[in-house]
Amino acid sequence: MNQLSTNIGSLTLANPIVPASGTIGYGLELSEWMDLNELGAILTKSITLLPKKGNPQPRLFEIELGLMNSIGLENQGWPQFVSEIYPFISSLKTLKWVSIAGSAVSEYVELLSKLQDFQLDAVEINVSCPNVKKGGVPFCFHIPSLKELLKAVKKVNPVTKIIKISLESPPITDICHMIEDEGFSAVCIGNTVRGLVIDLEKQKPYFSNQIAGMSGPAIKPIALRAVWEVYQSGIKIPIIGCGGIRSVKDVLEFILAGATCVEVGSANLIDPTTMSTIIRDLMKYCEQNQLTLQKLIGLAHRKE
Ligand SMILES: Cc1cc2nc3c(=O)[nH]c(=O)nc-3n(C[C@H](O)[C@H](O)[C@H](O)COP(=O)(O)O)c2cc1C
C-alpha cells in the first residue's frame, strides 16, 4: 500500500493512472518514452474477433481544444492479440488490462471466452460499438441491447470486468446502476462525444462517416459532470474517469468528483510523457499535503 494506490474490484493499482484504450496502441511505441511499469495498469486498444480495416482516411482532425477521430476500431483482430499483443503486455510488471469491442453480443462472448486462456487482470468492455443486429445503434444507446450484452458477458470468464460507456449514454446514472446490479467490477465514464467537422473547401463533412468522436480538454467538463452525477447517485462500484485529462490538476478534479482511477487518452498523442509527468506530480502533491489518494476519492461531495 502506498500513497497513490487505489482499488478496482479485487485489484490494487500502484497509482490511478491508466492509458485510455486506443491512444497508445498496445504500448510498444510508448515504451520508448516511459517505463510502462510506472502505470497503474496497461490498457490496450480495443480488439475485435476479426481484423477490422477501420474507416477511410482522413481519420483525425485537431480542434481547438482536442481531437476528432474516426478510426473505426481498426485492429488486426484476435490473431494479433495472440502473436504480438499478449507477448508484449505479459512481459510487463504492471496490471494487464485488455479492451474488447464487437458488433454482436456473440462476438463479445467469444472474445471473453478466448481470453480465459490468458493471464489478464481485467477486461474493459467497450459498449460504444454499433450493434449490427439493431441497425447499427451503439449498445450503450439502446438499453435493451445493452442489458442483453451485460447479461451475456457477465457469465463468461471470471476476470475483473469493466464496462466502458459513452458520455452520452442516456440516462447515465441509470445505466451505471444497471451495470452495478449485473455484478460488474467497475464502470469507465467514458468514451468520446459525437461531433461534426465541415470541410469548408468541399462544403461537406470532413469525415467519410460524417459524425466523429470528440476527445481532449473540450470534453473534460462533460466527463467530470458525469462522474460527479454517478458518484452522487450512490453507486458502490468504482468509477474510472476519462475525458480530457492532461495534468495532475485534471486528475485531482476527477478523483475529488468520485473517480477511483482515471484514464488518459488524447493527451498521450500530444505529448507521450504526459502520464509519467502526471504520476510524478501526483506523488509530489500527496507527499507535500501528507495525504493518500484514497482519502480524496469523492471528497468534493462533502456537505460541510
Ligand atoms: C485516436 C483514438 C482512438 C481511440 N480508440 C479507442 C478504442 O479502441 N477503444 C475505446 O474504448 N476507446 C477508444 N478511444 C476513446 C478513448 O479511449 C477515450 O475514451 C476518449 O478519447 C476520451 O478521453 P480523452 O479525452 O482523454 O482522449 C479512442 C480515442 C482516440 C482519440
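Starting from 1, each residue takes its place in the sequence as its number. In listed order, ligands and their atoms are each counted from 1.
Distances from ligand 1 to the non-hydrogen atoms of Ala267 include no value under 4.0 Å.
The N/O atoms of Asn126, backbone and side chain alike, include one that comes under 3.5 Å of an N/O atom in ligand 1. Considering backbone and side-chain N/O atoms, Ser266 comes within less than 3.5 Å of an N/O atom of ligand 1. In terms of N/O distances under 3.5 Å, ligand 1 is approached by Gly190. For the pair Leu269 and ligand 1, the shortest N or O to N or O distance does not fall below 3.5 Å. Note: no N/O pair closer than 3.5 Å links Leu60 and ligand 1 by distance alone.
At a cut-off of 3.5 Å, with distance as the only test, a side-chain donor of Thr12 or Asn7 sits close to an acceptor on the other residue. Under 3.5 Å, the side chains of Asn75 and Thr48 contain a donor-acceptor pair of N or O atoms.
Heavy-atom proximity to atom 17 (O) of ligand 1, evaluated over Gly265, Ser21, Ser46, Gly213, is greatest for Ser21.
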Listing, residues 277-289 side-chain donor-acceptor contacts under 3.5 Å, not counting sequence neighbours, or none:
from, atom 1, to, atom 2, distance (Å)
Thr277, OG1, Thr273, O, 2.9
Asn289, ND2, Tyr285, O, 2.8

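Taking every heavy atom of both residues into account, Tyr108 and Cys129 meet most closely at OH-SG, 3.4 Å. Residues Glu180 and Ile235 share a closest heavy-atom pair of OE2-CG1, 3.5 Å. Listed here is the closest heavy atom pair of Ser145 and His142: OG-ND1, 2.6 Å.
Contact check on Lys161 versus Glu124 returns no salt bridge, with no Lys/Arg side-chain nitrogen under 4.0 Å from an Asp/Glu carboxylate oxygen.
Residue, atom and distance of the protein heavy atom nearest to atom 15 (C) of ligand 1 are Asn191 OD1, 3.3 Å. Nearest protein heavy-atom contact of atom 30 (C) of ligand 1 is Asn69 ND2, 3.4 Å. Scanning the protein for heavy atoms near atom 3 (C) of ligand 1, the closest one is Gly22 O, 3.5 Å. Here the protein heavy atom with the shortest distance to atom 21 (O) of ligand 1 is Ser215 CB, 3.3 Å.
Every atom of ligand 1 is numbered from 1 in the order shown, and the set under 4.0 Å from a heavy atom of Gly244 is 24 (P), 25 (O), 26 (O). Annotation for ligand 1: atoms under 4.0 Å from non-hydrogen atoms of Gly243 are 23 (O), 25 (O). Ligand-side atoms of ligand 1 in range of Lys45: 8 (O), range being under 4.0 angstrom from any heavy atom. Near Thr192, the atoms of ligand 1 lying under 4.0 angstrom from a non-hydrogen atom of the residue are 20 (C), 21 (O). Atoms of ligand 1 lying under 4.0 Å from at least one heavy atom of Cys242, given by number and element, are 18 (C), 19 (O), 22 (C), 23 (O).
Side-chain atoms of Gln3 never come within 3.5 Å of backbone atoms of Leu293 as a donor-acceptor pair (strictly under, hydrogens ignored). At least one donor-acceptor pair under 3.5 Å links the side chain of Asn37 to the backbone N or O of Thr94. No donor-acceptor pair closer than 3.5 Å links the side chain of Ser169 to the backbone N or O of Ile165.
Ring-centre distance between Tyr26 and Trp97: not below the 6.0 Å cut-off.
The side chain of Lys164, and not its backbone, has at least one atom closer than 4.0 Å to an atom of ligand 1 (non-hydrogen atoms only; side chain from C-beta on). Residue Leu73 touches ligand 1 through its side chain alone, judged by heavy-atom distances below 4.0 Å.
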